[in-house]
*Asks:* 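Have a look at this one.
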Amino acid sequence: MEESMSYLGEVRRTAFSSFGTAASGVLIAVFTGSLQFIRAVGRRRHLAQLGGFDDRMLRDIGLTRGDLRDASAGPLWQDPTAILVVRSVERRAARRLATREMVREASQQDLARAGMKPRNDDLVSCG
């Protein structure tokens, strides 16, 4: 960057200094974009390996064949693992909620059979 001092002691930039800043910004953007593309292609290889799993193995990690198809349907530069992570987490949360509901219902039925009144956990005491 070429800078010059004025007679008041201020630093003024020349036309070439803003060009250098813009050029370095473009180079950084190209470099980070290239890295993201390389990572996405590498993760697509992992996606292809997941395609070799049988349905039971996919179900164990919370995925289906449809999830793999959806993830691979995106553009080449898009990371397919983001879709897979979201789907897997959603399924795990749904399973936990269903299990929690089944346990709650079973405990309320056990209390009802014993002649006790089921307690309502949804009420909060305010003092």
Side-chain angles (χ1 to χ4, degrees):
M1 274 190 253
E2 188 178 318
E3 297 176 349
S4 62
M5 293 284 280
S6 72
Y7 61 92
L8 296 175
E10 300 170 349
V11 175
R12 293 185 299 174
R13 293 187 172 186
T14 64
F16 294 111
S17 64
S18 60
F19 173 76
T21 303
S24 65
V26 168
L27 286 175
I28 290 171
V30 167
F31 180 73
T32 56
S34 299
L35 281 179
Q36 288 174 346
F37 179 76
I38 290 168
R39 283 187 192 127
V41 169
R43 289 182 177 155
R44 285 187 178 276
R45 286 190 196 124
H46 293 295
L47 183 66
Q49 290 174 344
L50 285 174
F53 286 14
D54 64 11
D55 290 338
R56 182 190 56 80
M57 293 169 72
L58 287 173
R59 190 173 45 248
D60 284 347
I61 58 176
L63 297 173
T64 65
R65 296 249 172 245
D67 295 335
L68 299 179
R69 277 192 302 272
D70 292 346
S72 65
L76 186 61
W77 60 86
Q78 183 181 14
D79 182 6
T81 58
I83 294 171
L84 299 179
V85 169
V86 168
R87 300 275 175 90
S88 178
V89 168
E90 286 174 347
R91 282 198 186 89
R92 242 180 284 138
R95 271 196 309 266
R96 274 189 299 232
L97 181 62
T99 302
R100 209 175 296 143
E101 291 297 322
M102 286 189 333
V103 167
R104 182 178 292 151
E105 279 184 32
S107 66
Q108 288 179 351
Q109 289 173 357
D110 290 344
L111 288 174
R113 273 190 233 121
M116 301 173 70
K117 185 176 179 183
R119 141 186 112 166
N120 191 350
D121 291 335
D122 295 333
L123 296 178
V124 177
S125 173
C126 294

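Residue numbers run from 1 in the order of the sequence given.
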*Asks:* What residues form a side-chain contact (heavy atoms from CB on, under 4.5 Å) with Arg100, not counting sequence neighbours?
*Replies:* Arg96, Leu97
*Asks:* Share the residues that join Val85 in a hydrophobic cluster, the rule being Ile, Leu, Val, Met, Phe, Trp or Tyr side chains under 4.5 Å apart at the heavy-atom level.
*Replies:* Val89
*Asks:* My understanding is that only residues two or more places apart in sequence, or in another chain, count here; which of them pass side-chain contact (heavy atoms from CB on, under 4.5 Å) with Gln49?
*Replies:*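 Residues passing side-chain contact (heavy atoms from CB on, under 4.5 Å) with Gln49: His46.
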*Asks:* Only counting residues at least two apart or in another chain, list the ones meeting side-chain contact (heavy atoms from CB on, under 4.5 Å) with Arg45.
*Replies:*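 Checked Arg45 against side-chain contact (heavy atoms from CB on, under 4.5 Å); matches are Val41.
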*Asks:* When you check the gap from the basic side-chain N to the acidic O, do Glu101 and Arg104 get nearer than 4.0 Å?
*Replies:*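 Looking at Glu101 and Arg104, the cut-off is met.
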*Asks:* Kindly write out the residues that satisfy side-chain hydrogen bond (donor to acceptor under 3.5 Å, both in side chains) with Arg92, not counting sequence neighbours, or none if the list is empty.
*Replies:*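 Only Ser88 meet the side-chain hydrogen bond (donor to acceptor under 3.5 Å, both in side chains) criterion with Arg92.
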*Asks:* Could you tell me which residues satisfy salt bridge (Lys or Arg N to Asp or Glu O under 4.0 Å) with Arg91, sequence neighbours excluded, listed by chain and number?
*Replies:*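 If we apply the salt bridge (Lys or Arg N to Asp or Glu O under 4.0 Å) test to Arg91, skipping adjacent residues, the hits are Asp67.
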*Asks:* Output all residues satisfying salt bridge (Lys or Arg N to Asp or Glu O under 4.0 Å) with Arg65, sequence neighbours left out; order by chain, then residue number.
*Replies:* Asp55
*Asks:* Mind checking side-chain hydrogen bond (donor to acceptor under 3.5 Å, both in side chains) for Arg69 and listing every partner two or more places apart, or none if nothing turns up?
*Replies:* none
*Asks:* Output all residues satisfying side-chain hydrogen bond (donor to acceptor under 3.5 Å, both in side chains) with Asp54, sequence neighbours left out; order by chain, then residue number.
*Replies:* none
*Asks:* Applying side chain to side chain contact (heavy atoms under 4.5 Å, CB included), run through Arg87 and Thr64 and close with a yes or a no.
*Replies:* CA-CA 9 Å; Arg87 300 275 175 90; Thr64 65; 5.9 Å; no
*Asks:* Quick one: side chain to side chain donor-acceptor pair (under 3.5 Å) pairs with a partner in residues 25-38, sequence neighbours left out?
*Replies:*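 For residues 25-38: none.
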*Asks:* Supply the atom-to-atom distance Thr81 OG1 to Arg44 CZ, rounded to the nearest 0.5 angstrom.
*Replies:* 10.0 Å
*Asks:* Report the hydrophobic cluster partners of Leu47, with the cluster defined as I, L, V, M, F, W, Y residues connected by side-chain heavy atoms closer than 4.5 angstrom, directly or transitively.
*Replies:* Leu50, Phe53, Met57, Leu58, Ile61, Leu63, Leu68, Leu84
*Asks:* Among residues at least two apart in sequence or on other chains, which ones pass salt bridge (Lys or Arg N to Asp or Glu O under 4.0 Å) with Arg56?
*Replies:* Asp60
